[in-house]
K.L.:
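Sharing a structure here in structure tokens format.
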Amino acid sequence: MPDLLADLNPPQRAAVTWPTRHALILAGAGSGKTRVLTTRIAWLLSTGQVGPQAILAVTFTNKAAREMQSRLAAMVPVNVRGMWIGTFHGLCNRLLRAHHREAGLPAQFQILDIADQLSSIKRLAKNLAFDDQKFPPQDLLHFINANKERGLRAAQIDAYDSLTRRRVEFYAEYERQCQREGVVDFAELLLRCFELLQRNQPLREHYQARFRHILVDEFQDTNRLQYDWLKLLAGHGEPPREPGACLFAVGDDDQSIYAFRGADPGNMGDLQREFVIEEVIRLEQNYRSHGNILDAANVLIRWNPRRLGKNLWTAEGAGEPIRVFEGYSDLDEARFIVEEMTELIDDGVPPTQIALLYRSNAQSRVLEHELVRVGLPYRIYGGLRFYDRQEIKHALAYLRLLANPDDDTAFARVVNFPTRGIGVRSIDALQESARRLNTSLYNAAASLTGKPGTALARFVRLIETLRADTERLPLPEIVDHVIEGCGLRQHYLTEKDGPDRLANLDELLNAATVFTEEYASAVYDAALPVDGGPLAAFLAHASLESGERQAGEGQEAVQLMTVHAAKGLEFDVVFIGGLEQGLFPHENAASERDGLEEERRLMYVAITRARRRLYLSHAQTRLLHGQTRYGLRSSFLDELPKTLLRQLNPAVANVAAFARSDHRVAALARGSAPSDPGSAIADGLCVGQRVRHTRFGDGVIVAGEGNGREARVLVNFDRPVGEKWLLLEYARLLPL
DNA sequence: TCTTTGTAGCTTTTT
DNA sequence: GCTACAAAGA
């Protein structure tokens, strides 16, 4: 046991050996968060405080869950497979499979991924004759998901306008359709599970009594519903029959970059208050980056108000200054980056230790072009995932149809693929008759089988035959038989990109084989009934785990990805490109509530990915949406202390920018934070106000900061001028 | 049924 | 400027 705690620093050790009480661990970037989490579990087990069945560990990604399992397996001799370690969705799936009857779901219920959900919504919108101009399917999807993530059913939504009322009606219809089809979307998985536990007291008490320790990773990324789910399991707010579970939450509010998806970093503060956590443990020693890089990150993030507060430090030296490059154009910037990379590689830096991060995917193109031109291998994250490939989705749809004929999404996907002469007209007619009979497309098709010669009848026969032939087969053979029997393999034999797709289908077969082995070796809790069988479990696995983002393989490649994709990773050398106003921070963020703060956290995440060397680059012009845009350097650059930076190409224009940068940093040091929108700055000027300038024309005040002689405002001037910082002492601004 | 042509949109996206 | 998806022609 003592060796578990060896090499832990004092706060880490305090976290690991925290008494049986709720805990909030503020874990900075690179502070050994995962290690603390897994060691905590290992410590609880090996000190004999609880058994493995009493642990519930929740993560956001399958990768994180696997990482935790494998690390834990290396620390203590337990069957980690049988433990409840998984993603929110994975664990909810497990619970719902075990208690599907109580949850009102069929044993074979299927999980819709986001693409399935969208196609389901499109189908319904068409059936209900919803105007797709007034109600774009994407909006409906967002409306439904956002509400589910807040824990709201259609009946619980307050609709004050007719548009919202229609959306609510649609939501209700969608719920009905899913229920009839026996399918659940991602958000439903959580909401259904939450409602099940809330409604079913014996079940709730069973799990509350069972899980003595609930550990949550990346707590800042939880949404309302996930937090409520945790509270429910922890028995929070209920009369204490016996002491509820201990919630051990690890997170970093500064790395919350998914608020746009519904994550609520405010949950951290809520947790602290609601669970009465008097002492927050801070893990602030960083084992990743050199001092200058950390200092830059620390200074940058201090511009955000409402932080829980944290300052990273390292035992390592300051290291190199942060390199700043200004290109004339995006191409110039790309050339610089690629040249620099080439030099680094020549100097012996492994290409895999070099990462290029950008705010948006569109930025990768110029860089890729340049990388291809000089012949530098690269690996780009963000492509298709394995289970998202069309051939895989088709094969899975056939399997889904075998498992659950009511799954209309699966039916619609494969009814005419490979083409078998069932066109739009037949489908429309089928839709209509299914709607009339209030049944699934498959049932409607089956009921039309009076005419055995029709294409539709042949399709129904095909599915029936497949089902009958595979009924008693083990999973891999089912998959093999279906791929063969449905004609997919035959179809791709003649396609131009057929070989790749066939290889992927083989890979699916392989995945089924691996899955079957794991499934057989008691992946699931022995104490739970396993309903639905291996096929349903495999299909759920395919929906919940879409596989690694496909990337150009090749071991010796530099890594390209968005900042979001880089979260949790680290590299010796990091390039952050496109640091321009409007791009990073992104212009759309300005209109969102707390948008700029999230952008800043994103920048914080980007900076803290670097171990030894960090490059920040921007370009004066950039081709965006087919037009040349003139970008100002990112305000984030100005928020970094000049002393940490080394400008690689001192362009004249930057002298002013640098002076400005010092000014802003000085203002921050004095404690005068940038103004919030709406607040008055000086002399009756406030953010959002229109003003006139003798030289620049008219514009709107976007931000303001400082006071007295140093008070200045950021004005967004009309058309050609754009954003400018102006010192109020000198600039004569006329309020309009 | 497959191909062509047109038009919208375009930030990030763990499950 | 490019892509993705939808509606119209062969």
Side-chain angles (χ1 to χ4, degrees), chain A residues 58-67 86-93 111-119 122 132-133 136-138 141-142 145 148-149 184-191 193 217-218 220-223 225-226 255-263 330 357-366 369 381-382 385 387-388 416-426 455 540-549 561-569 578 582-592 595 598-599 601-603 605-606 622-629:
Chain A
V58 197
T59 63
F60 275 88
T61 66
N62 294 299
K63 197 172 153 198
R66 276 193 303 269
E67 164 109 12
T87 62
F88 278 101
H89 295 84
L91 295 166
C92 286
N93 173 53
I111 300 167
L112 301 183
D113 67 18
I114 196 83
D116 296 329
Q117 191 188 7
L118 187 61
S119 87
K122 281 181 181 168
D132 59 358
Q133 300 294 109
Q138 278 287 357
L141 179 127
H142 179 255
N145 288 347
K148 284 189 181 181
E149 278 161 16
V184 296
D185 55 49
F186 284 145
E188 182 72 24
L189 225 34
L190 283 158
L191 183 52
C193 186
D217 192 15
E218 307 277 19
Q220 78 283 352
D221 288 340
T222 51
N223 61 35
L225 179 56
Q226 286 160 338
Q255 291 190 73
S256 160
I257 56 175
Y258 285 105
F260 74 94
R261 273 177 104 264
D330 45 356
L357 311 184
Y358 35 81
R359 173 69 241 265
S360 61
N361 286 304
Q363 286 169 255
S364 74
R365 200 185 309 122
V366 214
H369 189 86
Y381 288 75
R385 288 147 176 257
Y387 288 104
D388 286 341
N416 198 33
F417 194 96
T419 48
R420 40 177 75 91
I422 303 170
V424 197
R425 277 191 322 125
S426 341
H541 164 86
S543 299
L544 291 175
E545 176 142 18
S546 30
E548 285 281 281
R549 286 275 186 183
M561 67 196 83
T562 63
V563 180
H564 283 93
K567 190 178 165 200
L569 305 176
L583 199 62
F584 197 0
H586 199 276
E587 54 198 346
N588 293 6
S591 58
E592 282 160 29
E598 177 140 320
E599 294 290 303
R601 291 193 292 266
L602 204 47
M603 182 67 182
V605 168
R622 181 176 299 274
L623 217 57
L624 208 66
H625 306 326
Q627 285 167 321
T628 306
R629 300 231 319 204

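Please read all numbers here as calculations on a predicted model, not as lab measurements. These numbers come from the heavy atoms of this one structure, side chains and all, not from hydrogens, waters or symmetry mates.
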K.L.:
Quickly work out the A:Asn145 CG to B:dT14 P distance and round it to whole Å.
P.N.:
14 Å
K.L.:
So, using salt bridge (charged side-chain N to carboxylate O under 4.0 Å, His left out) as the criterion, who are the partners of A:Lys122 when residues are at least two apart?
P.N.:
none
K.L.:
For the pair made of OH in A:Tyr387 and P in B:dT13, what is the distance, rounded to whole Å?
P.N.:
22 Å
K.L.:
Set out, line by line, the N/O atom pairs under 3.5 Å between protein and nucleotides 5-12 of chain B.
P.N.:
| residue | atom | partner | partner atom | Å |
| --- | --- | --- | --- | --- |
| B:dT11 | OP1 | A:Asn588 | ND2 | 3.4 |
| B:dT11 | O4' | A:His586 | NE2 | 3.2 |
| B:dT11 | O4 | A:Glu592 | OE2 | 2.4 |
| B:dT12 | OP1 | A:Asn361 | N | 2.7 |
| B:dT12 | OP1 | A:Asn361 | ND2 | 2.8 |
| B:dT12 | O4' | A:Arg359 | NH2 | 3.2 |
| B:dT12 | N1 | A:Arg359 | NH2 | 3.4 |
| B:dT12 | O2 | A:Arg359 | NH2 | 2.4 |

K.L.:
Please state the P separation for the pair C:dA4 and B:dT13 - nearest whole angstrom.
P.N.:
15 Å
K.L.:
With syn defined as a glycosidic angle within 90° of 0 and anti as the rest, where does B:dT7 land?
P.N.:
anti
K.L.:
Given atom CG of A:Leu141 and atom C1' of B:dT15, what is their separation to the nearest angstrom?
P.N.:
13 Å
K.L.:
Please list, chain by chain and in numerical order, all residues satisfying salt bridge (charged side-chain N to carboxylate O under 4.0 Å, His left out) with A:Asp116, sequence neighbours excluded.
P.N.:
A:Lys393, A:Arg400
K.L.:
State which residues pass ring pair (Phe, Tyr, Trp, His ring centres under 6.0 Å) with A:His586; sequence neighbours excluded, sorted by chain then number.
P.N.:
none
K.L.:
Taking any atom under 4.0 angstrom from a heavy atom of chain A, which nucleotides of DNA chain C are the first and last to qualify, 5' to 3'?
P.N.:
C:dG1 to C:dA6
K.L.:
Could you work out, with side-chain hydrogen bond (donor to acceptor under 3.5 Å, both in side chains) as the rule, every residue matching A:Asn145, not counting sequence neighbours?
P.N.:
A:Gln117
K.L.:
For the side chain of A:Asn416 and the backbone of A:Arg420, is there at least one donor-acceptor N/O pair under 3.5 Å apart?
P.N.:
yes
K.L.:
Given atom CG of A:Asp113 and atom P of B:dT15, what is their separation to the nearest angstrom?
P.N.:
11 Å
K.L.:
For A:Phe88, which residues count as a ring pair (Phe, Tyr, Trp, His ring centres under 6.0 Å) partner, sequence neighbours excluded?
P.N.:
A:Phe60, A:Trp229
K.L.:
Can you list the residues that meet the salt bridge (charged side-chain N to carboxylate O under 4.0 Å, His left out) rule with A:Glu592, with sequence neighbours excluded?
P.N.:
none
K.L.:
Whole angstrom is fine here: how far is it from CD in A:Glu218 over to C1' in B:dT15?
P.N.:
14 Å
K.L.:
Can you check the distance between C:dA6 and B:dT11, where both ends of the measurement are the C1' atom (answer in whole Å)?
P.N.:
24 Å
K.L.:
Which string of ( ) [ ] | and . matches DNA chain B, if you list each base 5' to 3' and count Watson-Crick or G-U pairs only when both distances are under 3.5 Å?
P.N.:
||||||||||.....
K.L.:
Who are the side-chain hydrogen bond (donor to acceptor under 3.5 Å, both in side chains) partners of A:Glu188, not counting sequence neighbours?
P.N.:
A:Lys148, A:Arg153, A:Arg192
K.L.:
To the nearest Å, give me how far apart CG (A:Leu189) and P (B:dT15) are.
P.N.:
13 Å
K.L.:
Return yes if some donor-acceptor pair links the side-chain N/O of A:Glu598 with the main-chain N/O of A:Gly595 below 3.5 Å, else return no.
P.N.:
no
K.L.:
Check side-chain hydrogen bond (donor to acceptor under 3.5 Å, both in side chains) between A:Arg66 and all other residues, then give those that pass, not counting sequence neighbours.
P.N.:
A:Glu545
K.L.:
For A:His89 and A:Leu544, indicate whether the former's side chain and the latter's backbone hold a donor-acceptor pair under 3.5 Å.
P.N.:
no
K.L.:
Could you check whether A:Gly568 gets within reach of a base, just the sugar-phosphate, or nothing at all, counting any heavy atom under 4.0 Å?
P.N.:
nothing
K.L.:
Provide, to the nearest angstrom, the distance between the CG atom belonging to A:Asp388 and the P atom belonging to B:dT14.
P.N.:
9 Å
K.L.:
For DNA chain B, whose closest nucleotide is more 5', that of A:Glu545 or that of A:Ile422?
P.N.:
A:Ile422
K.L.:
How close or far is atom P of B:dT14 from atom CG of A:Leu190, stated in whole angstroms?
P.N.:
16 Å
K.L.:
Under the side-chain hydrogen bond (donor to acceptor under 3.5 Å, both in side chains) test, which residues partner A:Glu599, sequence neighbours left out?
P.N.:
A:Arg359
K.L.:
Which part of the nucleic acid, if any, lies within contact of A:Asn416, taking any heavy atom under 4.0 Å across all strands shown: a base, the sugar-phosphate backbone alone, or nothing?
P.N.:
sugar-phosphate
K.L.:
When only distance counts, do a donor and an acceptor, one from the side chain of A:Arg385 and one from the base of B:dT14, lie under 3.5 Å apart?
P.N.:
no
